[in-house]
**Q** 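Dumping the structure here so I can ask a few things about it.
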Amino acid sequence: MTLRLAEKDLTPPVLLAPMAGITDRPFRDLVMRFGAGMVVSEMVASQEMVQAKPGVRERAELSADVENTAVQLAGREAHWMAEAARQVVDRGARVIDINMGCPAKKVTNGYSGSALLKTPDHALTLIEAVVDAVGVPVTLKTRLGWDDKLLNAPDVARRAQEAGIRMVTIHGRTRCQFYKGRADWQAIRAVKEAVSIPVIANGDIIDTEAAQTALVESGADGVMVGRGAQGKPWLLAQICHDLYGAAAPDIPVGADLIEMVRAHYQAMLSFYGTELGLRVARKHLGWYMDEAGTPATLRRAVLTSRDTDEVLQLLGDALNSSAEVAA
């Protein structure tokens, strides 16, 4: 199945969700090597990026010029959103995604992210500013609503389409649910019925079965995978294969898995520098070891070592499911 985003083909329509501190360039590059329709950068704060706050521009070093990579921007003021969009497009971005779904208090307290669902008129000024500022497709990611009393995603999506949004992704929860309970894929159907642009279902899509059910219940045009890809960068490619007949991913095991994780680790060290890379890498190494069933003692040794060569050496045993706990 081919999903059309303006003049772009997202084939198959299985997308990597933006996740703060996770979907950095090394992880996105890894997911794309296995296979995905599109990957989305972690959220970039628009004003901080334009003002060159430390660390923000680095997050936007997101292989923006690579096909089927979207840059996600967040903010609460039209001026900064538009200027940030111009900057990332000047650096090669092919798609801009607007964040109206982040539930984190530090974001919503600043009237950004999913807090914009409470002020849709204001949200539309941000959307219009970004659409007017750039010539690439602009997409929107949001939730069902702020809470059970304000389930306004269908109306927001309809107005966003009228303002020029080319695709909308809906996480099947309200902001006040955060990530608790189950995603309501059926509720996404109301959004699909409200617009003619592609709609992507998001939330709790952790395997092929969940992806298939989400598509059936929502009527969506594709799915977006988030936390399910942690420790399994091949998951999107597997869903692409199972549902759409794409080439089956060569899922690494044994020595191949060790080699892949070591390469990912080294890519993070290169991207962030050793000191920051050590800290950023721990979450990813932890997820890989969760999948491998690494013994607790060995897991702790990997995650606490500050010697990169030692970590690379320890990973050989840590990712071997038959590894014994060191005496």
**Q** List the steps and the verdict of side chain to side chain contact (heavy atoms under 4.5 Å, CB included) for V95 and M167.
**A** CA-CA 11 Å; V95 179; M167 183 175 76; over 6 Å; no

**Q** Just jot down the ring pair (Phe, Tyr, Trp, His ring centres under 6.0 Å) partners of H241, sequence neighbours excluded, or say none.
**A** none

**Q** At their closest point, which heavy atom of A93 faces which heavy atom of V136, and how far apart are they?
**A**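 Looks like O-CG1, 3.7 Å.
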
**Q** CE/M260 to CD1/I251 distance, rounded to the nearest 0.5 angstrom?
**A**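 Taking CE in M260 and CD1 in I251, the distance rounds to 10.5 Å.
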
**Q** Measure the shortest side-chain to side-chain distance between T139 and I200 over non-hydrogen atoms and say whether it is less than 4.5 angstrom.
**A**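 No, too far: nothing below the 4.5 Å cut-off.
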
**Q** More than 12 heavy atoms of other residues, nucleotides or ligands under 6.0 Å from CD of E209: yes or no?
**A** no

**Q** Do I188 and V199 have side chains that approach each other closer than 4.5 Å (heavy atoms only, starting at C-beta)?
**A**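 Touching, per the 4.5 Å side-chain cut-off.
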
**Q** Where do K118 and L150 come nearest, in terms of heavy atoms and distance?
**A**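 Smallest heavy-atom distance, with atoms named: CA-CD2, 3.9 Å.
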
**Q** Flag the pair D204 / W185 as yes when at least one side-chain heavy-atom distance between them is below 4.5 Å, and no otherwise.
**A**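 With C-beta onward as the side chain, the pair touches.
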
**Q** Which pairs pass side-chain hydrogen bond (donor to acceptor under 3.5 Å, both in side chains) with one or both residues in residues 142-152, sequence neighbours excluded?
**A**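 Passing the test, one end in residues 142-152: no pairs.
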
**Q** Can V39 and T23 be said to form a side chain to side chain contact (heavy atoms under 4.5 Å, CB included), step by step?
**A** CA-CA 8 Å; V39 296; T23 53; over 6 Å; no

**Q** Heavy-atom count around E259 CD within 6.0 Å, excluding the residue itself: above 12?
**A** no

**Q** Under the side-chain contact (heavy atoms from CB on, under 4.5 Å) test, which residues partner R86, sequence neighbours left out?
**A** A82, E83, A133

**Q** Side chains of S196 and Q161: closer than 4.5 Å at any heavy-atom pair?
**A**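 Counting from C-beta outward, S196 and Q161 do come under 4.5 Å.
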
**Q** Where is the tightest heavy-atom contact between N68 and G37, given as atom of each residue plus distance?
**A**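 Between these two residues, the closest heavy atoms are ND2-O, 2.9 Å.
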
**Q** Can you tell me if T294 uses its side chain to pair, donor with acceptor, with the backbone of A318 under 3.5 Å?
**A** yes

**Q** Find the distance between CZ (R25) and CG (D29) and round it off to the nearest 0.5 Å.
**A**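 Interatomic distance, R25 CZ to D29 CG, rounded to 0.5 Å: 5.5 Å.
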
**Q** Do the side chains of H284 and W287 get nearer than 4.5 Å, heavy atoms only?
**A** yes

**Q** Hey, does the side chain of R189 reach the backbone of V216 with a donor-acceptor pair shorter than 3.5 angstrom?
**A**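 Between the backbone of V216 and the side chain of R189 there is a qualifying donor-acceptor contact (under 3.5 Å).
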
**Q** Under a 3.5 Å distance rule, please check whether S112 uses its side chain to pair with a backbone N or O of T108 as donor and acceptor.
**A** no

**Q** What is the distance from atom CG of L315 to atom OG of S305, rounded to the nearest 0.5 Å?
**A**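 Spacing of CG (L315) from OG (S305) equals 10.0 Å.
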
**Q** Just checking, is any N or O donor in the side chain of T69 or R28 under 3.5 Å from an acceptor N or O on the other one?
**A** no

**Q** Using modelled atom types only, decide if a donor and an acceptor are shared between the side chain of D309 and the backbone of L312 within a distance under 3.5 Å.
**A**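 Judged by distance alone, no pair lies under 3.5 Å.
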
**Q** Roughly how far, to the nearest 0.5 Å, is CE of M268 from CZ of R282?
**A** 11.5 Å

**Q** State whether the side chain of H79 and the backbone N or O of Q47 hold a donor-acceptor pair below 3.5 Å, judged by distance alone.
**A** no

**Q** Is the shortest heavy-atom distance from the side chain of D290 to the side chain of R299 under 4.5 Å?
**A** yes

**Q** With a 4.5 Å cut-off on side-chain heavy-atom distances among I, L, V, M, F, W and Y, is there a chain of contacts connecting I206 to W234?
**A** no

**Q** If I take atom CZ from residue R175 and atom CG from residue L144, how far apart are they, to the nearest 0.5 angstrom?
**A**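 So the CZ of R175 and the CG of L144 are separated by 14.5 Å.
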
**Q** Could you walk me through whether T308 and Y265 pass the side chain to side chain contact (heavy atoms under 4.5 Å, CB included) test, one step at a time?
**A** CA-CA 9 Å; T308 58; Y265 180 63; 3.7 Å; yes

**Q** Tell me, yes or no, whether the heavy-atom count around E162 atom CD, taken from other residues, nucleotides or ligands under 6.0 Å, exceeds 12.
**A** yes

**Q** Taking the ring of H264 and the ring of F271, is the distance between their centroids below 6.0 Å?
**A**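 Not under 6.0 Å, so no.
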
**Q** Evaluate whether atom NZ of K283 has more than 12 neighbouring non-hydrogen atoms of other residues, nucleotides or ligands under 6.0 angstrom away.
**A**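 Count over threshold, so yes.
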
**Q** Is a side-chain N or O of Q72 found less than 3.5 angstrom from the main chain of D97, in a donor-acceptor match?
**A** no

**Q** About how many Å separate CG of N99 and CE of M81, when rounded to the nearest 0.5 Å?
**A**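 Interatomic distance, M81 CE to N99 CG, rounded to 0.5 Å: 8.0 Å.
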
**Q** Of all heavy-atom pairs between Q238 and T208, which one has the smallest distance, and what is that distance?
**A**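 So the two residues come closest at O-OG1, 4.2 Å.
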
**Q** Salt-bridge test for R173 and D184: reply yes if a basic N is under 4.0 Å from a carboxylate O, no otherwise.
**A**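 Not counted as a salt bridge, because no side-chain N and carboxylate O are separated by less than 4.0 Å.
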
**Q** Using a 4.5 Å cut-off on heavy atoms from C-beta on, say whether the side chain of I205 contacts that of M224.
**A**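 Answer no - side chains too far apart.
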
**Q** Under the side chain to side chain contact (heavy atoms under 4.5 Å, CB included) criterion, do Q230 and F27 qualify, and how do the steps go?
**A** CA-CA 9 Å; Q230 294 171 355; F27 187 66; 5.8 Å; no

**Q** Could you tell me which non-hydrogen atom of I165 sits nearest to which non-hydrogen atom of I197, and how far apart they are?
**A** O-CD1, 3.5 Å

**Q** Are any side-chain N or O atoms of S114 and backbone N or O atoms of M100, one a donor and one an acceptor, separated by less than 3.5 Å?
**A** no

**Q** Do I98 and I127 touch side chain to side chain, with heavy atoms closer than 4.5 Å?
**A**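 Yes, close enough: below the 4.5 Å cut-off.
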
**Q** C240 and A36: which non-hydrogen atoms are nearest, and at how many Å?
**A**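 Shortest heavy-atom separation between C240 and A36 comes out as SG-CA, 4.4 Å.
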
